[in-house]
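Numbers restart at 1 for each chain; the letters A, B, ... are given by sequence-line order, proteins then strands.
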Amino acid sequence: MDILGELRERFRTALAGLTDSPNPLLEMIRPAAEPKFGDYQANFAMSLAKQLGRPPRDVAADVAARARLDDLCQQVEVAGPGFINLRLRSEVLATTLAAALVDPFLGVPRPAAPRTFVIDFSAPNVAKPMHVGHIRSTVIGDALCRLLRFRGDRVVSDNHLGDWGTQFGMVIYGYKHFRRPDEYAANPVAELSRLYRLVHSLIGYHELVAELPTLKQTADDRSAAARRLADQPPASDKAEAKKQAAAAQKALRQAEEAAKALTEACEKRASFESRPDQVALAAQHASIGQAVLDEVVRLHAGDAENLRLWREFMPHCLREIHAIYERLGVTFDEELGESFYHGQLADVVADMEARGLTRESDGAMCVFLEGFDAPMIIRKRDGAFLYATTDLATIRYRVERWKPDAILYVVDHRQAEHFDKLFAAARLWGYGGVALHHIAFGTVLGKDGKPYKTRSGDTVGLEGLIDEGVRKAFAVVQENDDRKPDGSEFTAEQRAQIAETVGVAALKYADLSQNRTSDYEFSYEKMLALDGNTAAYMQYSYARVRGIFRKAGVDSATLLAGASGSIQCEQPAERALALALARFPEAIAESLADFRPNQLTVYLYDLTRKFSSFFEACPVVRAESDELRRSRLLLCELTGRVVEKGLELLGIRVVDKM
RNA sequence: GCGCCCAUAGCUCAGCCGGAUAGAGCAGCGGAUUUCUAAUCCGCAGGUCGGGGGUUCGAGUCCCUCUGGGCGUGCCA
């Protein structure tokens, strides 16, 4: 049973006749802020009293009486200005948990009308190695798929691969000019990756050199501006003088930043130029940037050679990223990348044109949208299409093929404006029937508060990130196993397996436990911490549950098949754990209300803490009576299952021992 | 310039649609182990929720404004 749902239904009946819109009021029934207020509290009486023009406490008492809660609550009291505090009967907890124990959905109610979601996430460029920037989309998107499916909705997960853009132009150009045939034959993925990096660095060098004069100019301008402000005589007015000082400070800071940027650029150039072979290559390929774009144009135009190379490279690139997905435990129903939509783009533009939605401007085909300064460009002056065009084609395809109720885009918050425009354009185009959501997330930052990079300023590869996490996890596993009082219990292979599970879990959990909208600071130390809100803490709780069953010599199946007997909640720690277990449905609902997996991590942390307290306070195997032992074993069993399921919904695995 | 986002304990962060005395972890301090995994538990200390104004019975949460920071901003994705 979903207790909160049941309480709301009781109050819905009680509110009949008092208000025409009970839903907002029912939303105000929630878990109690503090244990001393009970288990749940209803906060709507103050607001309802206002509407009715009656004293809030009277309204609260009246509605509480009409809700007929006696069978659910052992105590219902009106407190403060009109809060209704509710304390559940222990029998209600016991029957709720008994039902959850035999329910594959652990008490989470089935939806009356399942909906269909298309979830667009991960979407890496396949021509270059995945990096830290892909972790959030991949992990959050996967968790949302799992959560929605568990709730009973239909989900189509779609990896909208970047398989048709500039990155492929780089690889093709690299292959044509720099390939090492032997290495390509031996290890195509590594060689393609090398070619990508080489071309990328050559283009980067040329751009850097081209950019240098501008950087120098900016640095000079800012420095002059800062000096000018610093030399300004202070204003006589105090407030004005303060403002002046602040402006001078700011100008100085900007000047310093510009100078730093210039210095860094010069250092970068010097570093590149310290290798004569690189300089020679750069000189030989002076217009490599344009040449790469030309390769892309040829590919898009159907050039036989480039298309052949693209078809040859794709399987290698896909194998590379799939290896990472496998390690992360992430799968997709579809992987329809940009290339899939290529043939549909001209028609998208033609169709929108035919409907009178477009207007030509400076040679580009545009959709002008109300509320936006800049139009959405769907065909460039040179005739090429853009990602906006592909995104529109993708919406049309998805709507026609899957008829979804909603499409979710799990994409970096920096693209918010793009999606605002895209969704507005889609509505204009006639696709207003499907709900379109941008599930935005923040940036992964380094210790310096800037986007996470290696010390030399390169992006951090995702595979290396996982390896490092697993390596650090291994050290922890090893240390703890060595320290066990009865001697270590794992083989080297077991240690490695545990480390892989714990390390990957730490990485994913660290990401999922953040509010997705905020940036967060990446730290191995934090994510692999042994306590606090970390994956290891959850996994440890699960392992402890399994440990109890091993010690008790009971397995879950025989426990459940055994003679019935209800769960007791005499001890505060037992009751607190029972209540937390009964709230699993609320946690699922809360996580999906605004697509925030961190709501589930908050719940799991609360649950496992309560389990730890229970573990300390309440002996299970050595309980005073068989009845109590059985009751506690049932609590442990459900805890294990909820933790395992909760982590599974986050894409995280458990281990029996650690 | 315009637009969006952010500012909560020393640090990293929660805080749901406005609800009672703002919560965790880390770091700090003090306890607990002959006991089912101490990868743990219990306790102490730590706050002008960036400043100011407003709406409300009630504001960290909503509105206005200022300050500081991040991001985006017509032919990249």
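The side chain of A:Q514 has B:A14 as its nearest neighbour among B:A20, B:A14, B:C36. Relative to the side chain of A:R30, the nucleotides B:G19, B:A20, B:U12 differ in distance, and B:G19 lies closest. With B:G15, B:A39, B:A20 as the choices, the nucleotide that has an atom nearest any side-chain atom of A:F37 turns out to be B:A20.
For the pair A:R544 and A:F615, the distance from NZ or CZ to the six-membered ring centre is under 6.0 Å and the angle to the ring normal is within 45 degrees. Judged by a 6.0 Å distance limit and a 45° cone about the ring axis, A:R359 is positioned over the six-membered ring of A:F368.
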Pairs: protein N or O with nucleotides 70-77 of chain B N or O, under 3.5 Å:
unit_1	atom_1	unit_2	atom_2	d
B:G72	O2'	A:E417	OE1	3.3
B:G74	N1	A:S361	OG	2.9
B:G74	N2	A:S361	O	3.4
B:G74	N2	A:S361	OG	3.3
B:C75	O2	A:R381	N	3.0
B:C75	N4	A:D362	O	3.2
B:C76	OP2	A:K380	NZ	2.3
B:A77	OP2	A:Y387	N	3.2
B:A77	O3'	A:E338	OE2	2.6
B:A77	N7	A:Y387	OH	3.1
B:A77	N6	A:Y387	OH	2.1

Return the polar atom pairs (N/O with N/O) between nucleotides 40-42 of chain B and the protein under 3.5 Å, or none.
unit_1	atom_1	unit_2	atom_2	d
B:U40	OP1	A:L530	O	2.5
B:U40	OP1	A:D531	N	3.3
B:U40	OP2	A:D531	OD2	3.1
B:U40	O2'	A:R544	NH1	3.3
B:U40	O2'	A:R544	NH2	3.4
B:U40	O2'	A:E616	OE2	3.2
B:C41	OP1	A:Y537	OH	2.4
B:C42	OP1	A:S613	OG	2.9

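Using a 4.0 Å heavy-atom criterion, one finds that A:A529 contacts no nucleic acid atom at all. Among the atoms of the strands shown, none is found under 4.0 Å from any heavy atom of A:F372. As judged by a 4.0 angstrom heavy-atom cut-off over every strand, A:N85 is placed among the base-contacting residues. Residue contacts for A:A416: at a heavy-atom cut-off of 4.0 Å it reaches no nucleic acid atom on any strand shown. Using a 4.0 Å heavy-atom distance criterion, A:M658 is classed as a base contact. In this structure, A:E590 reaches the bases: a heavy-atom distance under 4.0 Å links it to at least one base atom across the strands shown. A:D656 comes within 4.0 angstrom of a base, heavy atoms only. Within the nucleic acid shown, A:K657 comes within 4.0 Å of at least one base atom, counting heavy atoms only.
A:D362 has no carboxylate O lying under 4.0 Å from a charged side-chain N of A:R381, or vice versa, which leaves the two without a salt bridge.
Here, B:A9 and B:C5 have their C1' atoms 24 Å apart, quoted to the whole Å. Taking the C1' atom of each, B:G68 and B:A59 are spaced 23 Å apart, rounded to whole Å. Atom P of B:G10 sits at a distance of 33 Å from the matching atom of B:G1, rounded to the whole Å. Annotation: B:C4 and B:G58 have their C1' atoms spaced 30 Å apart (nearest Å). Across the P atoms, B:C66 and B:C71 are found 22 Å apart, a figure rounded to whole Å. B:A7 and B:G46 have their P atoms separated by 25 Å, with the value rounded to a whole Å. Distance check on atom P: B:C44 versus B:G23 gives 13 Å, rounded to whole Å. Taking atom C1' in both B:G50 and B:U67, one finds a spacing of 8 Å when rounded to whole Å.
None of A:Y341, A:F340, A:Y387 except one satisfies the ring pair (Phe, Tyr, Trp, His ring centres under 6.0 Å) rule with A:H160; the exception is A:Y341.
A 6.0 Å sphere centred on CD of A:E489 holds more than 12 heavy atoms belonging to other residues, nucleotides or ligands. When the shell of 6.0 Å around CZ of A:R546 is examined, it contains more than 12 heavy atoms from other residues, nucleotides or ligands.
Remark: A:N598 is in phosphate contact with B:G15, judged by side-chain N or O atoms under 4.0 Å from OP1 or OP2. Put simply, A:N480 has a side-chain N or O that comes within less than 4.0 Å of OP1 or OP2 on B:A39. The phosphate of B:G15 (OP1 or OP2) has a side-chain N or O of A:Q599 nearer than 4.0 angstrom.
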Give every donor-acceptor pair under 3.5 Å between a side-chain atom in residues 584-600 of chain A and any protein atom, sequence neighbours left out.
unit_1	atom_1	unit_2	atom_2	d
A:E586	OE2	A:Y40	OH	2.4
A:S591	OG	A:A587	O	2.7
A:S591	OG	A:L600	N	3.2

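Between A:Y605 and A:Y537, the two ring planes are perpendicular [angle over 60°; tilted spans 30° to 60°]. Below 30°, between 30° and 60°, or above 60°: for A:Y452 and A:F522 the angle between ring planes is between 30° and 60°, a tilted geometry.
The distance from atom CE of A:M46 to atom P of B:A20 is 9 Å, rounded to the nearest whole Å. Atom P of nucleotide B:U37 and atom CZ of A:R483 are separated by 16 Å, given to the nearest angstrom. Separating the CG atom of A:N515 from the P atom of B:G15 is a distance of 5 Å, rounded to the nearest angstrom. Atom-to-atom, NZ of A:K484 to C1' of B:U33 comes out at 17 Å; the value is rounded to the nearest Å. For A:Y605 and B:A39, the OH to C1' distance is 13 Å, given to the nearest whole Å. Remark: C1' of B:G18 and CE of A:M28 are 8 Å apart, rounded to the nearest angstrom. Atom C1' of nucleotide B:C26 and atom OH of A:Y520 are separated by 17 Å, given to the nearest angstrom. To the nearest angstrom, P of B:G19 lies 16 Å from CD1 of A:I84.
Toward the 5' end of RNA chain B, the nearer of the two residues A:C618 and A:P31, judged by each one's closest nucleotide, is A:P31. Mapping A:V602 and A:E34 onto RNA chain B by nearest heavy atom places A:V602 closer to the 5' end of the strand.
Between the side chains of A:H418 and A:D391, at least one donor-acceptor pair of N or O atoms lies under 3.5 Å. For A:Q478 and A:N480, the side-chain atoms include no donor-acceptor pair closer than 3.5 Å. Donor-acceptor pairing under 3.5 Å is recorded for the side chains of A:T138 and A:S122.
Per the stacking criterion (ring centres < 5.5 Å, plane angle < 30°), A:F83 does not stack onto the base of B:G19.
Residues passing the side-chain contact (heavy atoms from CB on, under 4.5 Å) test with A:L52, sequence neighbours excluded: A:L18, A:L48, A:R54, A:V59.
A donor-acceptor pair is defined here as one N or O able to donate and one able to accept, closer than 3.5 Å; no such pair exists between the side chain of A:N125 and the backbone of A:L161.
Applying the side chain to side chain donor-acceptor pair (under 3.5 Å) test to every pair with at least one member in residues 518-528 of chain A, sequence neighbours left out, gives these pairs: A:D511-A:Y520.
In RNA chain B, runs of at least 3 consecutive Watson-Crick or G-U pairs, each pair with both distances below 3.5 Å, span B:1-7 with B:67-73, B:10-13 with B:23-26, B:28-32 with B:40-44, B:50-54 with B:62-66.
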